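Below is one structure, written out as structure tokens; the observations come after it.
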Amino acid sequence: MEESRDIYDVYDSNTSPSWEEHQSEHLENLEEVEALRRKIKYYFMNPCEKYHARGRKPWKLLLQIIKIGIITIQLVSFGLSNQMVVEFKEENLMTFRHLFLKDYVDGDKETYAIYRQADVYDQIEYIITQFRLLHNNTVGNHEFEKNGTAYSPLRLCQEFFRNGSIYPGNETFEIDANVDSECLDVYPMFTPSAKEILQHFKVHFKRLLSVKIVFVLKAINLQTVRHRELPDCYDFTVFITLDNQAHSGRIAVQLENDVEINECRDWKVSGAAGKSIYLTVVFDCLIITTCIISFALCTRSVVTGIKLMLEYSRFCDRRCGKDVPWSDKLEFVSGWYILIIVSDTLTITGSILKIEIQTKILTTYDVCSIFLGIGTMFVWIGVIRYMGYFRKYNILLLTLRAAFPNVIRFICCAGIIYLSYCFCGWVVLGPYHEKFRSLNTVSECLFSLINGDDMFPTFKDMQQKNNLVWIFSRVYLYTFVSLFIYMILSLFITIITDTYDTIKHQQQSGNPTSDLQKFLSVCKDLPKSGLYRLQENKSCLINCCVNRWKRNQERLTSEA
């Protein structure tokens, strides 16, 4: 019983610890703090320092360099392919205007109009005749659309008010606002002449709203074969509109088309180009694999940073009894890794779409170009992260990050004033100035004025048909230029300049500015010291067990 009583006394919580126990616990706490400092400091090291600290090779850095090269090659290749598609669409649109619009001249898109009734019938007759003679006129590979064995017709429709009696001389009218339409189908083969067709088609000019002519033509873009790509088959739905909505005596003529890209039903490509078409698909698969590896490595780094943030937060709460500010917490979540993760996701998606375009499963060129373009842009921006490891280059990143909150608040206030000028200019100056016809053009015009562009033409092009509006335009433009260039823009530059001076002063002084930096500044261990490699090889579980066993042995020895 006496022996058991002695063991109980040893583990009695009321027993005051000895001096050796205090010293052991103090040393253990210091080792724990230093281990945490080294772990966090190692996390913030650059790849070269990590290599000296633990011999860890900079695989992420090498992977990013390789990824930049192959993604740029992919983007250039797809950009050239997409450029051919866009050029083919635009050139076909120009071809249709020259084929089907009578006496069309390049640059007449906005001014091409008809002013006489006879010209309306002549234009319709010309379009029908050119449609029937397409094979004899076009120098391209255009063909009519077929539904089975029959050709798709050209559809001629006119829209007009249901009923109306209009007498401008007496200043009287009677109108039925309901709209009726009359349509006529014209087949490309085995049809009477255009004049015979128009004998049964009467245009109601006084009630006329529009005349619309719609037909479909097909073509194949063969130029892609030279660039190791399978050709696409195109459906061009051509819309020719004679617009009489204003009833002003001027009927505007417009030709537009909707383009649908389809997979050709039967194709055969021979020669060197045909053999190398699918090589790009293999290259795209290599890019997808590279981005998946990059995505995994960067995600692991983000998870490691979050774990360190939680560990540091628990340490501050347990040792200091205070919460870690969000500014210090966000230091552990690297925005560069998140940027690379987003870039990898976009590039993988774009590469999959590109493979489907190469194999003619999809034809979404625009969607694919958006994914690949943004992904490549983020990859190149991510290179700045490695430039930031150099002290002289890092000041740009630090300035942008520090000034960002103030810049956002400033832009919100300035944006309200900017929108007020946009709405005012659109309503008042829109009818008299081409650059103020829509909110989009107003915003573009005012943004150009802020940057000092296009000032004199903006003042000069203001029509002097209304003296009151002309005077208002001068006051409007002078106040806008004075307010935004001399005041708001100057204040914006001042915000950036002050932030730059602050960051530069902090770098010159070298004093830590946050609690996290103060915590890490105590650790003076160099990467080549070998202490970081030692900490990496230690197991926390084994250390805890060994330290607890040592403390128990010391307690038993002191009691004995």
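Since the structure is predicted, the reported quantities are computational estimates derived from the model, not experimental observations. Keep in mind that the numbers below use all heavy atoms, side chains included, and drop hydrogens, waters and symmetry copies. In what follows, residues are counted from 1 in the order of the sequence shown.
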Taking side chain to side chain donor-acceptor pair (under 3.5 Å) as the test, write out the residues that go with Asn82, two or more places apart.
-> none
Considering only heavy atoms from C-beta outward, does the side chain of [X] approach that of [Y] to under 4.5 Å?
X      : Y      : value
Thr376 : Trp380 : yes
Leu217 : Phe215 : yes
Gln83  : Val86  : no
Phe423 : Leu439 : yes
Cys368 : Ile357 : yes
Val407 : Ile411 : yes
Leu75  : Phe78  : no
Ile287 : Phe283 : yes

Test log, rule side chain to side chain contact (heavy atoms under 4.5 Å, CB included), inputs Val214 and Val238 | CA-CA 6 Å; Val214 182; Val238 182; over 6 Å; no
Going through the checks in order, is the side chain to side chain contact (heavy atoms under 4.5 Å, CB included) test met by Phe484 and Phe492?
-> CA-CA 10 Å; Phe484 273 85; Phe492 180 80; over 6 Å; no
Whether the [X] and [Y] side chains hold a donor-acceptor pair (N or O, under 3.5 Å, no angle test) is what I'd like checked.
X      : Y      : value
Glu143 : Asn141 : no
Tyr337 : Thr299 : no
Lys329 : Ser313 : no
Asn257 : Asn92  : no

Where the side chain of [X] meets the backbone of [Y], is there a donor-acceptor pair that is under 3.5 Å apart?
X      : Y      : answer
Thr347 : Ser343 : yes
Thr497 : Ile493 : yes
Ser77  : Gln74  : no
His142 : Lys218 : no
Thr441 : Ser438 : yes
Glu260 : Tyr234 : no
Ser294 : Thr290 : no
Tyr421 : Ile416 : no
Thr479 : Tyr476 : yes
Thr237 : Val216 : no

Rounded to the nearest 0.5 Å, how far does [atom2] of [Y] lie from [atom1] of [X]?
X      : Y      : atom1 : atom2 : result
Gln223 : Glu91  : CD    : CD    : 7.0 Å
Lys354 : Tyr365 : NZ    : OH    : 9.5 Å
Leu372 : Ile348 : CG    : CD1   : 11.5 Å
Ile450 : Ile488 : CD1   : CD1   : 7.5 Å
Ile288 : Ser351 : CD1   : OG    : 5.0 Å
Ile341 : Ser301 : CD1   : OG    : 8.5 Å

Residues which pass side-chain contact (heavy atoms from CB on, under 4.5 Å) with Val442, listed by chain and number, not counting sequence neighbours | Cys422, Trp426, Phe436, Leu446
Residue pair [X] / [Y]: nearest heavy atoms and the distance that separates them:
X      : Y      : result
Pro457 : Asp454 : CG-OD1, 3.2 Å
Ile355 : Val281 : CG2-CG1, 3.9 Å
Leu489 : Ile485 : CB-O, 3.6 Å
Leu339 : Gly382 : CD2-N, 4.1 Å
Ala219 : Phe88  : CB-CZ, 4.2 Å
Phe371 : Gly350 : CB-CA, 3.7 Å

Given the options Thr304, Val302, Leu308, Ile306, Phe332 meets side-chain contact (heavy atoms from CB on, under 4.5 Å) only with Leu308
Count the heavy atoms belonging to other residues, nucleotides or ligands that lie under 6.0 Å from [atom1] of [X], then report whether that count exceeds 12.
X      : atom1 : value
Phe404 : CZ    : no
Met377 : CE    : yes
Glu87  : CD    : yes
Phe459 : CZ    : yes

Run the salt-bridge test on [X] and [Y] with the 4.0 Å N-O cut-off and return the result as yes or no.
X      : Y     : answer
Glu311 : Lys39 : yes
Asp344 : Lys67 : yes
Glu256 : Arg97 : yes

Derivation of the side chain to side chain contact (heavy atoms under 4.5 Å, CB included) call for Ile495 and Leu491 = CA-CA 6 Å; Ile495 293 176; Leu491 290 173; 5.7 Å; no
Given Leu255 and Leu93, is the side chain to side chain contact (heavy atoms under 4.5 Å, CB included) satisfied, shown in steps?
-> CA-CA 8 Å; Leu255 188 149; Leu93 178 59; 3.7 Å; yes
Please walk me through it: do Asp232 and Asn262 pass side chain to side chain donor-acceptor pair (under 3.5 Å)?
-> CA-CA 6 Å; Asp232 292 317; Asn262 302 314; over 6 Å; no
Aromatic ring pairing Phe236/Phe96, orientation class (parallel under 30°, perpendicular over 60°, tilted between) | perpendicular
